[in-house]
K.L.:
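Quick one: the structure is below, questions incoming.
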Amino acid sequence: MPLTYYSTAPAFKAALLTALQARTGLSGVTVSYGVPLGGPRESITLADISGSQEFAALGALRKDETYVLDVYVSVLREGNQAKECSERCFSLAAEIEDELRANVTMSGTVRVAELLSPFQLEEYASDQARQSVLSMGIQATSRI
């Protein structure tokens, strides 16, 4: 008999993608399920997921699931605009936070989803451009 591994993670990630793509504050920003193609100037990448499951109740064989979705917010600007890149990263992250506060169950796919700390801002420079990448995690819990 094949082993079946149930998880809410794919549905949660897809629901978050749909919700973020619909936000007017993210108009013109590439929001992608995995690494985006083409190196967009502004992007939010819903990346890897890691987590665990534990049996919650005997008899029904329900499980409690907790996982973290890695999210990367990236902003690229030509010229010497390091400050603008970093500030824009945090503005885009605020859109994610606002969505999670307004839709804590992510359309019923999880019990609760929230931003984790710590976060990390990395700033890069070349001769022609500046880039900031904000890494953060979203923790989700559910019962399956």
Side-chain angles (χ1 to χ4, degrees), residues 1-78 81-126 129-144:
M1 179 199 257
L3 177 64
T4 303
Y5 197 81
Y6 297 100
S7 176
T8 61
F12 167 72
K13 189 173 177 180
L16 180 60
L17 176 72
T18 300
L20 293 177
Q21 288 176 331
R23 289 190 68 84
T24 57
L26 295 177
S27 178
V29 176
T30 300
V31 181
S32 65
Y33 191 107
V35 178
L37 299 175
R41 292 175 39 87
E42 295 186 346
S43 66
I44 295 173
T45 302
L46 307 180
D48 300 329
I49 297 174
S50 59
S52 63
Q53 294 181 344
E54 295 179 10
F55 284 103
L58 293 176
L61 296 179
R62 292 185 177 264
K63 294 188 284 183
D64 286 326
E65 179 176 49
T66 301
Y67 48 85
V68 176
L69 169 64
D70 296 328
V71 178
Y72 302 97
V73 179
S74 175
V75 176
L76 175 68
R77 296 283 188 268
E78 289 74 23
Q81 298 185 47
K83 178 178 177 285
E84 292 81 356
C85 283
S86 294
E87 289 173 348
R88 180 66 175 154
C89 271
F90 281 98
S91 293
L92 297 178
E95 289 287 333
I96 297 169
E97 183 174 9
D98 288 346
E99 182 61 38
L100 290 172
R101 286 182 185 203
N103 189 3
V104 71
T105 67
M106 200 46 57
S107 302
T109 60
V110 295
R111 186 182 296 163
V112 65
E114 59 192 346
L115 286 178
L116 280 179
S117 51
F119 57 86
Q120 181 175 353
L121 177 69
E122 297 178 81
E123 299 174 315
Y124 303 98
S126 71
R130 299 292 181 261
Q131 181 180 22
S132 294
V133 179
L134 181 62
S135 305
M136 56 192 192
I138 298 174
Q139 180 174 292
T141 60
S142 63
R143 177 159 285 177
I144 51 178

K.L.:
Are any non-hydrogen side-chain atoms of R111 and V104 less than 4.5 angstrom apart?
P.N.:
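No - every pair of side-chain heavy atoms lies 4.5 Å or more apart.
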K.L.:
Atom CG in N103, atom OG1 in T105: separation rounded to 0.5 Å?
P.N.:
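Rounded to the nearest 0.5 Å, the CG-OG1 separation comes out at 5.5 Å.
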K.L.:
Once rounded to the nearest 0.5 Å, what's the spacing between atom CG of L121 and atom SG of C85?
P.N.:
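Rounded to the nearest 0.5 Å, the CG-SG separation comes to 10.0 Å.
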K.L.:
Hey, mind stepping through V68 and I49 against side chain to side chain contact (heavy atoms under 4.5 Å, CB included) and telling me if it holds?
P.N.:
CA-CA 5 Å; V68 176; I49 297 174; over 6 Å; no
K.L.:
Is there a salt bridge (Lys or Arg N to Asp or Glu O under 4.0 Å) between R77 and E84 once you walk through the steps?
P.N.:
CA-CA 8 Å; R77 296 283 188 268; E84 292 81 356; over 6 Å; no
K.L.:
If we ignore angles and hydrogens, is there a donor and acceptor under 3.5 Å between the side chains of E65 and S7?
P.N.:
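A pair is found: one side chain offers a donor N or O, the other an acceptor, under 3.5 Å apart.
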K.L.:
Look up atom CZ in F12 and atom CG in L69, then write down how far apart they are to the nearest 0.5 Å.
P.N.:
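Between atom CZ of F12 and atom CG of L69 there are 6.0 Å.
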K.L.:
Drop me the distance from R88's CZ to S86's OG, to the nearest 0.5 angstrom.
P.N.:
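Interatomic distance, R88 CZ to S86 OG, rounded to 0.5 Å: 13.0 Å.
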K.L.:
Please check this pair: side chain of S43 against backbone of T45, looking for a donor-acceptor N/O pair closer than 3.5 Å.
P.N.:
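No: the side chain of S43 does not pair with the backbone of T45.
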K.L.:
Any sub-3.5 Å donor-acceptor pair from K13's side-chain atoms to A47's backbone N or O?
P.N.:
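Checked: pair present.
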K.L.:
Going by side chain to side chain contact (heavy atoms under 4.5 Å, CB included), L92 matches just one of V75, L20, V31. Which one?
P.N.:
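That would be V75; it is the only one of V75, L20, V31 passing the side chain to side chain contact (heavy atoms under 4.5 Å, CB included) with L92.
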K.L.:
Distance-only, no hydrogens or angles: does the Q139 side chain make a donor-acceptor pair with backbone N or O of A113 under 3.5 Å?
P.N.:
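A pair under 3.5 Å: no.
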K.L.:
Within the side chain of S32, is there an N or O that forms a donor-acceptor pair under 3.5 Å with the backbone of V35?
P.N.:
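Looks like no, no N/O pair under 3.5 Å.
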K.L.:
Report the distance from atom OG of S74 to atom OH of Y124, rounding to the nearest 0.5 Å.
P.N.:
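The distance works out to 9.0 Å.
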K.L.:
Check the pair E78 / R130 against salt bridge (Lys or Arg N to Asp or Glu O under 4.0 Å), numbers first and verdict last.
P.N.:
CA-CA 6 Å; E78 289 74 23; R130 299 292 181 261; over 6 Å; no
K.L.:
Given T8 and Y67, is the side chain to side chain donor-acceptor pair (under 3.5 Å) satisfied, shown in steps?
P.N.:
CA-CA 10 Å; T8 61; Y67 48 85; 2.9 Å; yes
K.L.:
Below 4.0 angstrom, N of the basic side chain to O of the carboxylate: do R101 and E114 qualify?
P.N.:
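Not counted as a salt bridge, because no side-chain N and carboxylate O are separated by less than 4.0 Å.
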K.L.:
How long is the span from the OG atom in S132 to the CD atom in Q81, to the nearest 0.5 Å?
P.N.:
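Output value for this atom pair is 10.5 Å.
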K.L.:
A140 and V110: which non-hydrogen atoms are nearest, and at how many Å?
P.N.:
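Heavy-atom minimum between the residues: CB-CG1, 3.9 Å.
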K.L.:
Under a 4.5 Å cut-off applied to non-hydrogen side-chain atoms, are V133 and V73 in contact?
P.N.:
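A side-chain contact is absent here, since even the closest heavy-atom pair is not under 4.5 Å.
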K.L.:
Assess whether side chain to side chain contact (heavy atoms under 4.5 Å, CB included) is satisfied between L115 and M136, documenting all intermediate values.
P.N.:
CA-CA 8 Å; L115 286 178; M136 56 192 192; 4.2 Å; yes
K.L.:
Show the numbers, then the answer: is there a side chain to side chain contact (heavy atoms under 4.5 Å, CB included) between L134 and Y72?
P.N.:
CA-CA 6 Å; L134 181 62; Y72 302 97; over 6 Å; no
K.L.:
Under a 3.5 Å cutoff, is there a donor and acceptor pairing between the side chains of Q120 and S135?
P.N.:
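No, S135 and Q120 have no side-chain donor paired with an acceptor closer than 3.5 Å.
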K.L.:
Would you indicate whether F119, at its atom CZ, is surrounded by more than 12 heavy atoms from other residues, nucleotides or ligands within a distance under 6.0 Å?
P.N.:
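No, CZ of F119 has 12 or fewer neighbouring heavy atoms, counting only those of other groups under 6.0 Å.
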K.L.:
Quick check: does any side chain N or O of T109 sit under 3.5 Å from a backbone N or O of M106, one acting as donor and the other as acceptor?
P.N.:
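At least one qualifying donor-acceptor pair exists.
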K.L.:
State whether Y6 and K63 meet the cation-pi test: NZ (Lys) or CZ (Arg) under 6.0 Å from the six-membered ring centroid, and within 45° of the perpendicular axis.
P.N.:
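Checked: cation-pi criterion not met.
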K.L.:
Carefully, step by step, assess R23 and V29 under the rule side chain to side chain contact (heavy atoms under 4.5 Å, CB included).
P.N.:
CA-CA 10 Å; R23 289 190 68 84; V29 176; over 6 Å; no
K.L.:
Can you see whether E42 engages T30 through a side-chain donor-acceptor pair at a distance of less than 3.5 angstrom?
P.N.:
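Judged by distance alone, the side chains do not pair up.
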